[in-house]
Enquirer: 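I am attaching a structure below and will ask some questions about it afterwards.
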Amino acid sequence: MKLTIALAGNPNCGKTTMFNNLTGAHQHVGNWPGVTVERKSGIVNFDVKGCQKGEVEVIDLPGTYSLSPFSRDEVVAADYLVDGNPDCILNIVDGTNLNRNLYLTTQLVELGIPVVIAINMIDVVKKRGDSINIPKLSAKLGVPVVEVSAISGEGLRKAIEECRDAVEHKLLPAKQRIFSDSVENALANIEKTLPQNIDHIRFLAVKVFERDERIVRFGASDDARKAAEPQIETCEKLFGDDAVSQIADGRFDFIDRMLKEAFHQNASRGVSISDKIDKVVTNRIFGLPIFFAIMFVLYWIAVTGPGTWFTDWTNDTLFGEWIMPWTSEHLAAAGASELMVSLVVDGVIGGLGAVLGFVPQMMILFLLLSILEDIGYMARIAFMLDGIFRRFGLSGRSMIPLLISSGCGVPGIMTARSIKDDGDRRATIMTATFVPCSAKLPLIALISGIILGGSVWMAPFMYFIGVVAVLVSSVILRHTGIIGRSAEPFVMELPDYHVPTFFTILMHMWDRIKGYLKKVGTILFAACVIIWFLASFGFHDGTFGLCDTEESIMAWLGGLIAPIFTPLGFGRWDAVAASISGFAAKESIVSTIGILSGAADATEEDAELWSAAAKMFPTSMAAFSFLLFNLLNSPCLAAVSTMWKELDTRKWAIIALVYQNVFAWLVSLVVYQMSVWIVTGAFTGWTFVAVLVLVAMVALLCFRLPWGVNTGKEKKAKINTQAAAAARG
Ligand code: GDP
Ligand code: MG
């Protein structure tokens with residue numbers, strides 16, 4: 001008898017280990033996401049009763065948490081299980097993590113294919129003294145269940161034989177009522193409208209109920225969905241919850257009920273050190289304050305403390321006093337033209353210097369963040385904040401990219417790769433640069449000087465504004481349907497705390513700095529030259545050539561588009577030209593303001609620059625609006641190009657750019673117009689527009705458009721930790 005068995009299960013449940021043990025193949029066993037990118041097949045290397053040698057084939061599928069695909073890996077697995085026609089599914093379940101693993105199981109048993117469950121890592125389960133009631137599990141799920149240890153090989157033969165029996169006797173999973181009565185009734189009615197010859201009819205009915213767009217691919221017609229719509233809506237009204245969440249909740253509730261009876265945790269199990277630490281740092285009450293305290297110290301060290309000394313030294317002494325004067329002197333002595341000296345010194349060295357100045361600051365910030373990450377603390381924070389983030393349509397995993405973006409958006413956006421869910425990842429990439437990066441700090445200091453005569457509180461306040469902008473945007477992106485919902489249960493490995501080696505931390509930090517330096521070397525280099533050209537060339541007395549910035553192309557460009565910013569309070573060519581220079585590097589905004597306001601040598605800390613720059617902004621409100629716009633609009637070219645690369649398609653990159661600039665413009669408009677209205681009492685046409693925009697934004701935050709998606713309904717499942725770590729050895 002020929003037999004094709006598909007190995008299906010969550011990532012890290014031991015599929016590859018099992019596959020290797022069954023087939024003798026030596027595949028790479030790894031536990032990072034996406035390691036099993038394609039499915040691999042092999043022949044079982046022992047005799048199975050009733051089968052000839054070579055007749056039992058097993059297929060190692062990519063790990064997946066559910067059959068609703070949220071990542072490419074999951075699409076591969078789901079497609080194979082639905083259309084690939086394996087004879088049997090061997091569902092590998094991590095016995096130390098039943099709660100999360102069985103979520104997939106509840107979907108597999110709907111496919112109309114024989115399923116056998118192998119509870120893996122049984123050695124760990126036993127060592128911990130937990131007990132699993134196998135007959136009860138088997139009865140509740142309606143499929144055979146065996147205990148195995150993929151590592152030692154225990155139970156593997158039995159598992160394969162169960163598969164053979166199931167196929168031979170056509171033992172399909174017994175039908176279970178998993179969901180509430182109303183949902184079950186709706187599903188039964190939907191099944192009646194589907195082609196009856198489909199094996200996976202129950203699976204398909206659930207997909208129709210979930211309004212999954214792939215139903216046509218899986219064998220249903222669009223009419224089936226239209227016919228089902230009234231029933232879906234009835235259920236949604238009844239429970240006040242959308243269909244996707246009802247299904248997910250139903251599965252989790254079913255698992256909870258089942259495990260209450262079938263799983264018994266050893267009460268006297270010792271508490272590990274890791275758990276003891278977690279008791280404090282992920283404590284309901286103290287967890288967040290501890291997190292904020294740690295972040296405060298971290299930013300103090302990196303941004304205001306030692307980090308700044310290095311940065312100031314690099315900017316003012318290394319570049320300002322040594323490299324730039326030295327280069328221009330030598331170039332001039334060597335007979336270089338004025339143009340050449342200007343290009344090299346002002347354009348290239350000045351531009352790159354401004355950017356490189358942030359390297360020490362960033363190195364310290366990234367070093368500290370890497371330590372927190374490598375110890376295992378970040379994962380806890382992501383887990384703790386997940387509840388809050390999810391309410392806003394992001395995942396806890398977005399936390400790390402956001403933190404890194406406060407150093408530099410380039411590595412921040414790159415870190416978003418670790419977010420599997422496409423929607424969450426896109427939302428994170430599109431909004432990460434709202435958090436001020438180090439290059440925006442000088443601008444914050446300058447505007448703080450203009451408005452308040454300097455205050456250290458402006459920077460933390462702008463971080464706060466940045467985070468609010470991230471959360472608000474993410475809700476808007478979901479509620480407008482620009483980004484679709486994610487219904488994947490949140491799962492995050494929380495391995496035990498451990499002390500990383502200094503080398504690991506350094507490598508980690510270096511990885512991030514490397515991304516930044518690469519961009520500086522290529523894109524920023526080009527950007528600096530272009531900005532230099534725009535700012536140094538123009539028509540003077542009718543001839544084109546080197547000129548003062550006031551007459552440059554940039555001034556002309558600034559004047560041309562300045563009217564767009566009149567309603568934001570800074571519709572002046574010089575302010576707009578400074579914003580444009582921000583595309584090379586946000587740091588350039590301050591130096592451009594310095595040049596244009598005639599205080600080129602002053603830094604953002606000097607009152608001289610404050611009063612000079614204040615002339616550019618008629619009021620404090622205008623200055624603040626300028627700051628807000630430049631913090632929220634699209635980031636510098638280096639970050640934009642990273643965004644472009646990480647967002648897969650051009651469509652998404654364009655959406656991101658348009659969104660960022662429109663959002664920045666609208667927020668600045670609202671803040672400026674409203675504050676002018678409040679302070680002066682003048683109500684103009686633009687005030688009216690601002691009121692409309694504000695109302696629309698608030699409405700979008702509270703309600704979704706008909707085609708938009710809700711945020712924050714997903715369940716989360718905590719992965720239990722010591723087990724996973726112990727299992728991995
Ligand atoms: P996959 O992601 O499902 O392919 O999982 P892997 O086969 O890569 O296994 C993940 C980790 O679990 C590896 O470190 C394995 O060594 C470990 N592992 C797998 N099966 C067992 C088992 O039965 N007992 C123990 N203790 N560890 C296991
Ligand atoms: Mg694998």
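Whatever order the structure lists them in is the order used to number ligands and atoms, beginning at 1. When reading the values below, keep in mind they use all heavy atoms of this one structure, side chains included, and skip hydrogens, waters and symmetry mates.
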Enquirer: Output the distance between atom CG (Leu372) and atom CG (Leu403), rounded to the nearest 0.5 Å.
Expert: 8.5 Å

Enquirer: Within the 4.0 Å heavy-atom shell around Asp123, which atoms of ligand 1 are there?
Expert: 22 (C), 23 (O), 24 (N), 25 (C), 26 (N)

Enquirer: Do the non-hydrogen side-chain atoms of Trp652 and Ile483 ever get within less than 4.5 Å of each other?
Expert: yes

Enquirer: Mark yes or no: Arg380 above the aromatic ring of Phe291, with NZ or CZ under 6.0 Å from the six-membered ring centre and no more than 45 degrees from the axis.
Expert: no

Enquirer: Is Ala150 close to ligand 1, meaning an N/O of one under 3.5 Å from an N/O of the other?
Expert: yes

Enquirer: Which of the atoms in ligand 1, numbered in the order shown and given with their element, are less than 4.0 Å from a heavy-atom of Val124?
Expert: 26 (N)

Enquirer: Which atoms of ligand 1 have any heavy atom of Thr17 under 4.0 Å away?
Expert: 6 (P), 7 (O), 9 (O), 15 (C), 19 (C)

Enquirer: Specify the closest pair of heavy atoms between Phe254 and Lys140, including all atoms of both residues, with the distance to one decimal.
Expert: CZ-O, 3.8 Å

Enquirer: Would you say Cys13 touches ligand 1, if touching means a heavy atom closer than 4.0 Å?
Expert: yes

Enquirer: Without placing hydrogens or testing angles, list every side-chain donor-acceptor pair under 3.5 Å for residues 153-166, not counting sequence neighbours.
Expert:
from   : atom 1 : to    : atom 2 : distance (Å)
Arg157 : NH1    : Asp47 : O      : 2.9
Arg164 : NH1    : Lys49 : O      : 2.5

Enquirer: Could you grab the distance from atom CD1 of Ile413 to atom OG1 of Thr642, nearest 0.5 Å is fine?
Expert: 5.5 Å

Enquirer: Identify, by atom number and element, the atoms of ligand 1 in contact range of Ser149, meaning under 4.0 Å from any of its heavy atoms.
Expert: 22 (C), 23 (O), 24 (N)

Enquirer: Between Ile151 and ligand 1, which part of the residue brings a heavy atom under 4.0 Å of the ligand: side chain, backbone, both or neither?
Expert: both

Enquirer: Would you check whether Gly14 has a nitrogen or oxygen atom less than 3.5 angstrom from a nitrogen or oxygen atom of ligand 1?
Expert: yes

Enquirer: Could you list which atoms of ligand 1 come closer than 4.0 Å to a heavy atom of Thr16?
Expert: 1 (P), 4 (O), 7 (O)

Enquirer: Listed by chain and number, what are the salt bridge (Lys or Arg N to Asp or Glu O under 4.0 Å) partners of Glu646, not counting sequence neighbours?
Expert: Arg417

